[in-house]
Amino acid sequence: MADVVVDGKEKRLLSLRAADANVRVLPSDVAAFLDAKPGLENVTVALQPPYEMTVEAQFAVAGFTLPRFARAKVRGRLVVSDGNLIMEIADLRVAGYPIGTIPAIVLEKLINPLVDLSALPAPSQVTSVQVTPDAVLLTASGRHTVTPIAIAPERPAR
């Protein structure tokens, strides 16, 4: 971090010239994140360097989980898009059979972004991604400046 200004009284960040971060995301973290999405249950994640991830899950429709034999397997590439980490789906199969493009597009909209750092006190953007067998490694950078608001002096009542 560089040039950090904090309002100690209000305990809030006023400005930050620059901040860089290295983030390590485990497959179990991604699985827990996806498992919390409506329509996905019993999610497992496997990583394949340098940029791929495979997700297996059971779909839940109208509150009912489809049987295990109808398990979905999704293979895709992890990429940085608009400062977020997303998964571009390359292959979607249910019960081992390929499924069309439209279900893949719907699933992409459901699961993405996988990482969005824009809501942090110092809004940040993912700048690069690398996949190892054990983790997704991200680099991110951010800046934050609060523009002071000028308050006009009160005018005397007439």
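Values below: every heavy atom of this structure, side chains too, minus hydrogens, waters and symmetry copies. Here the structure is a predicted model, which means the values were calculated and not measured.
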Next item on the list: Please list, chain by chain and in numerical order, all residues satisfying side chain to side chain contact (heavy atoms under 4.5 Å, CB included) with V80, sequence neighbours excluded.
Entry: V126, V129
Contacts under 3.5 angstrom, residues 91-108 side chains, donor-acceptor by atom type, not counting sequence neighbours:
unit_1	atom_1	unit_2	atom_2	d
D91	OD2	R93	NE	2.8
R93	NH1	G96	O	3.4
E108	OE2	I89	N	2.6

Margin query: Within the 4.5 Å heavy-atom criterion, are L78 and L85 side-chain neighbours or not?
Written below: yes
Check: Residues sharing I86's hydrophobic cluster, by side-chain heavy-atom contacts under 4.5 Å among ILVMFWY, directly or via others?
Finding: V79
Notebook entry, point to check: Listed by chain and number, what are the side chain to side chain donor-acceptor pair (under 3.5 Å) partners of T139, not counting sequence neighbours?
Noted result: T127, S128
Notebook entry, point to check: Would you call L137 and T132 a side-chain contact if the rule is heavy atoms closer than 4.5 Å?
Noted result: yes
Note to self: Between N112 (side chain only) and K109 (backbone N and O only), is there a donor and an acceptor less than 3.5 Å apart?
What the structure shows: no
Next item on the list: Nearest 0.5 Å please: distance from the OG atom of S81 over to the CE atom of M87.
Entry: 14.5 Å
Next item on the list: Any chance you could lay out the side-chain contact (heavy atoms from CB on, under 4.5 Å) test for L34 and L114, step after step, and finish with the verdict?
Entry: CA-CA 8 Å; L34 294 175; L114 294 171; 3.9 Å; yes
Note to self: According to side chain to side chain contact (heavy atoms under 4.5 Å, CB included), who are the partners of A90, at least two apart in sequence or on a separate chain?
What the structure shows: R75
Quick one: side chains of residues 35-55, donor-acceptor pairs under 3.5 Å with protein atoms, not counting sequence neighbours, listed by atom name and distance.
unit_1	atom_1	unit_2	atom_2	d
D35	OD1	N42	N	3.0
K37	NZ	L110	O	3.4
E41	OE1	T65	OG1	2.3
E41	OE2	T65	OG1	3.4
N42	ND2	Q58	OE1	2.5
T44	OG1	R71	NH2	3.4
Q48	OE1	T54	OG1	3.1
Q48	NE2	T54	OG1	3.4

Notebook entry, point to check: Are any non-hydrogen side-chain atoms of N22 and L138 less than 4.5 angstrom apart?
Noted result: no
Next item on the list: Considering non-hydrogen atoms only, spot the tightest contact between F33 and P113 and give its length.
Entry: CZ-O, 3.7 Å
